[in-house]
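Before any comments, here is the structure.
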Amino acid sequence: TSQTILIKGGTVVNAHHQQVADVFIDNGIVTDVKPNIKVSDEVTIVDATGKFVMPGGIDPHTHLEFEFMGTETIDDFFSGQAAALAGGTTMHIDFVIPVNGSLSSGFKAYVEKAKKSCMDYGFHMAITKWDDTVAREMEIMVKEKGINSFKFFLAYKGALMINDELLLEGLKKCKSVGALAMVHAENGDAVFEGQKRMIELGITGPEGHALSRPPLLEAEATARAIRLAGFVNTPLYVVHVMSVEAMEEIAKARQSGQRVVGEPVASGLVLDDSGLWDPDFYTAAKFVMSPPIRAAGHGKALQAALSTGVLQLVGTDHCTFNSTQKAFGIDDFRKIPNGVNGIEERMHLVWDTMVASGKISVTDYVRITSTECARIFNIYPQKGAILPGSDADIIILNPNSSFQISSNSHHSRSDTNVYEGWIGKGKVEITIAGGRIVWENNELKVKRGSGKYIKMPPFSYVFDGIEKADASYISSLRAPVNRFKGMQ
Ligand code: DUC
Ligand code: ZN
Ligand code: ZN
Ligand code: ZN
């Protein structure tokens, strides 16, 4: 059952514009945005005076119910989404992992997992092997199943990793079916070598994780993926950009006109690697993710890149494991399941570190936490906006209140939190998802099965552009031949 709600007197913020206005919500949809909307008595009135009314966050990068490194993440589609809603995120895009290389089996498995959803979600899909069936299935996923992005892992040798030949095939296929290619950019062969080196040196603790896969290897894979995408002439989305070196590769490519999107994640923006050196294994192991959280300084640089548009949107890579799971690697960091939390914390952390600190405007906040994601994945303005006709996924944030993070109070099932003890400015007081108030007075009112699958359409408009770009690319290749002929 949906509600009829009037949000009164707040500052309504879209990526392009902000104004003091009322927002009328009926049957899950925003139907009106203007000052002084008059309504009847039955309508639920929410007073937002002095507060910001913004599109709910969209997390472009999560792993819920992910079977990985010999175990499964502790948050499923219900607990992870409930946590998200408590932190002002109203949609996420999760990564479908094929089953034995079969995309359709992977898709079926994720449809099953997501039946318990309490908020809207979409899917990316990983490509972990290559044959004619995979190629055919990619097309089916795009045309029939609502997937418009495929991720290629250049790391996790022996598991998810693919080689350059497969990456090229995948890039070509993405281009021809109208999908966006995404990469996890670390050189998996070199990481494997770096890990062996650490073990030989007797470094078996969580700090060995960071030392074995330095920024150099992230930069190499980022540069390689960018160049191969440039060679195929198709857009590229680089997930979890963690280092200055990788970010600079994206900056260079964008400056030259290549369509590359860079996604930093909350942990990479606000944490540094010092936790990995904690003498207590469990405290250190909770920070293990890939690519690793970098040394102090990288996060600030990534924030600056976001504020100047070099990077475009913020994800989390939410992928949680309990201490008992992290303990698989107590004698060998290579066995620590990789992943950190963030789906509940992202909206608050970005507000605190970037808006409250004066680095970006409130409109930019909306852009990097919601609107840009909706645009990139082709679901704007159904999502990512508060406009008549948009889905009623809305948060009300009080800039004069504060938030606190602790595993004692968070809504994830994880027994730890990498942001433990963080106190910051700005608090999401109300979350409205699908036209229902699901978070209010620090209480969740979520319903299993209420979340919708959001199909993401293929990129016809982007690909019109590609055909044009292709023409100039081909003519640039021919230019030397023509000049040579001219000289004859
Ligand atoms: N990195 C992680 O830390 N977890 C999930 C997968 C990944 O690439
Ligand atoms: Zn406007
Ligand atoms: Zn990854
Ligand atoms: Zn990930």
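Indexing begins at 1, ligand by ligand and atom by atom, following the structure's order. Numbers here are sequence positions counted from 1.
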- Using the six-membered ring wherever Trp is involved, compare the ring planes of His240 and His184 and label them parallel, tilted or perpendicular (cut-offs 30° and 60°). perpendicular
- With Met182 as partner, the option from Pro235, Ser149, Cys174 fulfilling side-chain contact (heavy atoms from CB on, under 4.5 Å) is Ser149
- Task: Under 4.0 Å from a heavy atom of Met289: give me the atoms of ligand 1 that qualify, with their elements.
- Result: 3 (O)
- Is Asp352 salt-bridged to Lys425, cutoff N-O under 4.0 Å? no
- Message: So if I apply the ring pair (Phe, Tyr, Trp, His ring centres under 6.0 Å) rule between Phe68 and each of Phe95, Phe153, Tyr156, which one comes out positive?
- Response: Tyr156
- Task: Return yes or no for this condition: an N or O of Ser290 is under 3.5 Å from an N or O of ligand 1.
- Result: yes
- Query: If we only count heavy atoms from C-beta on, is the Lys326 to Val288 side-chain gap below 4.5 Å?
  - Reply: yes
- Non-neighbouring partners of Glu220 that pass side-chain contact (heavy atoms from CB on, under 4.5 Å), sequence neighbours left out: Asn187, Arg224
- Note on the structure: Hits for ring-ring contact (aromatic ring centres under 6.0 Å, His included) against Phe377, two or more places apart or cross-chain, chain-then-number order -> His124, Tyr237
- Task: Answer yes or no as to whether an N/O/S atom of Cys319 is found below 2.8 Å from the Zn ion (ligand 4).
- Result: no
- Note on the structure: shortest atom 4 (N) of ligand 1-to-protein heavy-atom contact is with Asn338 O, 3.0 Å
- Applying ring-ring contact (aromatic ring centres under 6.0 Å, His included) to Trp351 and not counting sequence neighbours gives Phe52, Tyr365
- Query: In Å and rounded to the nearest 0.5 Å, what is the CD1 to CG distance from Ile379 to Asp391?
  - Reply: 9.0 Å
- Distance to 0.1 Å, residue and atom name: give those for the protein heavy atom nearest to atom 7 (C) of ligand 1. Tyr156 OH, 3.1 Å
- Using a cut-off of 2.8 Å, how many protein N, O or S atoms lie below it in distance from the Zn ion (ligand 3)? 2
- Query: Between Val340 and ligand 1, which residue portion shows a heavy-atom distance shorter than 4.0 Å: side chain, backbone, both, or neither?
  - Reply: neither
- Atoms in ligand 1 flagged as close to His240, the criterion being non-hydrogen separation under 4.0 Å: 8 (O)
- Cation-pi between Lys157 and Phe192: NZ/CZ under 6.0 Å from ring centre and within 45° of the ring axis? yes
- Does an N or O from His184, backbone or side chain, lie closer than 3.5 Å to an N or O of ligand 1? yes
- Item | atom 5 (C) of ligand 1: the protein heavy-atom neighbour that sits closest, reported with distance to 0.1 Å | Cys319 SG, 3.6 Å
